[in-house]
Amino acid sequence: MSFIFFAILSGVAIGAALLVVFQKDVVFSALYLTLTLLCVAGLFFLLSAPFVAALQILVYAGAIMVLFTFVIMMVAEENSGEKNAIPFQKTLVALLVGLVIFEARAFMKSVSNTLSWSSAEYFPLKEFGRKLYQDTAFAFEITSLILLAAIVGVLALARKEKIK
Amino acid sequence: MVEPAHVFAVSFVLFFIGMLGFLVRRNILVLLMCVELMLNAANLAFVAATKITARLEGQVMVFYVIAVAAAEVAVGLALVVQIFKAKATLNCDDLNEMKG
């Protein structure tokens with residue numbers, strides 16, 4: 001049963017990745033990349049990683065793709081739009097996104113009751129927190145510095161030039 | 001039960017598609033999207049590795065990869081906006097002022 005979910009999720013992920021690459025319109029590329037990211041999040045659910053799956057949906061599909069969409073809107077080209085779309089594309093994409101979200105949730109209900117590394121629901125959150133905040137605490141702090149550097153860099157890049 | 005070997009195969013195919021797109025396409029935004037695709041393929045491989053070895057370091061690594069990728073995308077997109085303001089093109093073939 002879980003193999004069917006895995007097959008559908010990975011098939012949709014690979015198909016959407018191919019469409020990201022071979023699509024003329026950059027708006028639809030961003031849409032298919034979001035679909036790929038959601039499928040990969042579903043695969044994370046299947047692999048006993050619900051924390052990383054939620055992080056992927058929130059950060060990757062939720063923040064990074066929104067950033068991409070903003071920039072695509074800012075640098076809008078003239079030849080993008082509806083006429084490049086395949087038929088029923090919007091319906092297809094909506095169905096696929098709904099399917100992915102449904103599958104991730106449906107799979108979590110269908111696994112065995114033994115909590116071990118062989119079942120998909122086994123995720124030792126306390127140990128994960130310990131690894132994150134104790135074993136790799138230095139990398140955690142350095143990551144916050146990386147994010148600070150990114151914020152400062154983006155502000156410095158996006159500022160209007162003022163010549164004094 | 002998901003076989004980690006199959007997940008590694010999917011990760012390999014996704015990485016290959018991302019690499020192919022990075023080499024073929026000329027729009028800078030699509031290049032950045034292919035980089036994200038390659039990073040996701042690596043994340044998938046890390047999570048499959050935690051399933052095999054039953055150690056959580058793989059998922060911790062994915063946490064850091066997602067955080068650093070977010071920072072990198074922000075800076076990369078700011079650069080793309082500046083390039084577009086300066087040259088009004090998104091074709092990477094037209095950005096050759098440093099050549100020769």
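Each chain gets a letter, A, B and so on, in the order its sequence line appears, and its residues count up from 1. Predicted model, so just to flag it, every value in this text is computed and none were measured.
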Which portion of A/Ala149 sits near chain B, non-hydrogen atoms under 4.5 angstrom: neither
Contact class of B/Glu72 relative to chain A, heavy atoms under 4.5 angstrom: neither
B/Val60, part contacting chain A, at a heavy-atom distance under 4.5 Å: both
Interface residue of largest heavy-atom contact number with chain A, from B/Val62, B/Leu44, B/Leu79, under 4.5 Å: B/Leu44
Residue B/Val24 versus chain A: region with a heavy atom under 4.5 Å: neither
Contacting moiety of A/Thr143, where chain B heavy atoms sit under 4.5 Å: side chain
Heavy-atom neighbours of B/Phe16 CZ exceed 12 at 6.0 Å: no
A/Ile72 side chain near B/Leu29 side chain, heavy-atom distance below 4.5 Å: yes
Best-contacting candidate, A/Ile14, A/Leu147, A/Ile142, A/Ile146, against chain B by heavy atom pairs under 4.5 angstrom: A/Ile14
Within-4.5 Å side-chain heavy-atom neighbours: A/Lys24 and B/Val30: no
A/Leu67 versus chain B, the contacting section by heavy-atom distance below 4.5 Å: both
Any A/Gln56 side-chain heavy atom under 4.5 Å of B/Asn40 side chain: yes
Which portion of B/Ala88 sits near chain A, non-hydrogen atoms under 4.5 angstrom: neither
Flag side-chain contact, heavy atom, 4.5 Å: A/Leu37 against B/Glu36: no
Ring geometry between A/Phe123 and A/Phe51 (parallel below 30°, tilted from 30 to 60°, perpendicular above 60°): parallel
Top contributor to chain A interface from B/Val68, B/Asn43, B/Val80, B/Leu20 [non-hydrogen pairs under 4.5 Å]: B/Asn43
Donor-acceptor contact below 3.5 Å, side chain B/Ser11 vs main chain B/Ala41: yes
Closest-packed option against chain A by number of heavy-atom pairs under 4.5 Å, given B/Val10, B/Leu14, B/Val47: B/Val47
B/Arg55 side-chain N/O to B/Ala49 backbone N/O, donor-acceptor pair under 3.5 Å: no
Part of A/Thr136 within contact of chain B (heavy atom distance under 4.5 Å): both
Most chain B-contacting option - heavy-atom pairs closer than 4.5 Å, from A/Leu132, A/Thr36, A/Ile151, A/Val59: A/Leu132
Choice from B/Leu77, B/Val13, B/Val75 maximising heavy atom contacts with chain A below 4.5 Å: B/Leu77
Closest contact, heavy atoms only, B/Thr89 versus B/Ile83: O-CG2, 4.2 Å
Part of A/Phe6 lying under 4.5 Å from any heavy atom of chain B: side chain
Parallel, tilted or perpendicular: rings of B/Phe63 and A/Phe140 (30°, 60°): parallel
Choice from A/Ala13, A/Gly11, A/Ala30, A/Ala63 maximising heavy atom contacts with chain B below 4.5 Å: A/Ala30
Under 4.5 Å from any heavy atom of chain B - which part of A/Ala139: both
Side-chain donor/acceptor of B/Arg26 to backbone N/O of B/Asp93, under 3.5 Å: no
